[in-house]
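One structure is given here, and the rest of the page talks about it.
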Amino acid sequence: MNESLLHLNQFIKDFNLKLPNGSVLFNAKVYFKEGSKTNSQTSDVEIIREENAATVYFMNTSIASEKLPDTFSLKSSNFAYIQKQYLKIQSNSNELIISVFPTLRS
């Protein structure tokens with residue numbers, strides 16, 4: 001299994017993000033960093049997982065309107081889980097780094 005997928009699965013497990021119906025949908029604070037530019041957004045996040053593939057979607061429409069990417073897959077990005085803190089996504093095509101901090105459910 002791909003190392004990025006292992007990190008993503010552990011992130012989902014540790015933060016208990018899988019809903020009873022099997023989907024992974026949660027709210028998060030998302031930080032975008034490209035060079036010296038930073039941006040933060042609150043967004044619903046959906047993660048679609050298949051056997052050896054996964055895609056992360058940011059549902060907040062203002063992310064795309066600010067010309068930031070709102071979709072990341074294992075094919076185009078590296079995922080790293082900083083244990084009990086956040087998911088780090090680094091795009092293969094440029095210096096963009098995204099940090100996803102789940103908002104805990106009450």
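The model shown is predicted, which means the values in this text are computed figures rather than measured ones.
- Note that CD1 of Ile63 and OG of Ser65 are 9.0 Å apart. Values are rounded to the nearest 0.5 Å.
- Other residues, nucleotides and ligands contribute at most 12 non-hydrogen atoms within 6.0 Å of the NZ atom of Lys75.
- Taking CD from Gln83 and CD from Gln85, the interatomic distance works out to 9.0 Å, rounded to the nearest 0.5 Å.
- Of all the heavy atoms in Arg49 and Ala54, the pair that sits closest is CG-CB, 4.1 Å.
- Asp14 has its side chain within reach of Lys84: a pair of non-hydrogen atoms, C-beta onward, lies under 4.5 Å apart.
- Counting all heavy atoms, side chain and backbone alike, Ser77 lies closest to Ser91 at OG-CA, 4.1 Å.
- Between the side chains of Asn92 and Asn78, a donor-acceptor pair is found at a separation under 3.5 Å.
- Listed here is the closest heavy atom pair of Ala64 and Asp70: CB-OD2, 3.7 Å.
- Taking each heavy atom of Asn52 and Leu5 in turn, the nearest pair found is CA-CD2, 3.9 Å.
- Lys37 places no side-chain N or O within donor-acceptor distance of the main-chain N or O of Asn39, the cut-off being under 3.5 Å.
- Counting only distance, with no hydrogens or angles, the side chain of His7 and the backbone of Ala80 share no donor-acceptor pair below 3.5 Å.
- The closest side-chain heavy-atom distance from Ser40 to Val30 is not below 4.5 Å.
- Ring pair Tyr86/Tyr81: centre-to-centre distance not below 6.0 Å.
- Without hydrogens or angle criteria, Ser43 side chain to Asn60 main chain gives a donor-acceptor distance under 3.5 Å.
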Anything under 3.5 Å between a donor and an acceptor, one on a side chain of residues 20-27, the other on a protein residue two or more places apart or in another chain? List them.
unit_1	atom_1	unit_2	atom_2	d
Asn21	OD1	Ser23	N	2.9
Asn21	OD1	Ser23	OG	2.7
Asn27	OD1	Thr103	OG1	3.4
Asn27	ND2	Asp44	OD1	3.2

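- If you chain together hydrophobic residues whose side chains sit under 4.5 Å apart, Ile82 and Phe101 fall into the same group.
- Between the CZ atom of Phe11 and the CZ atom of Phe79 there is a distance of 10.5 Å, given to the nearest 0.5 Å.
- Checked against side-chain hydrogen bond (donor to acceptor under 3.5 Å, both in side chains), Thr42 has no partners two or more places apart in sequence or in another chain.
- Atom CG of residue Leu68 and atom CD1 of residue Ile98 lie 8.5 Å apart, to the nearest 0.5 angstrom.
- In this structure a side-chain-to-backbone donor-acceptor pair under 3.5 Å is missing from Thr71 to Tyr57.
- For the atom pair CD (Glu34) and CG (Leu96), the distance works out to 5.5 Å, reported to the nearest 0.5 Å.
- For the pair Ser62 and Gln41, the minimum side-chain heavy-atom distance is below 4.5 Å.
- Rounding to the nearest 0.5 angstrom, the gap separating the CG atom in Leu17 from the CG atom in Leu8 is 9.5 Å.
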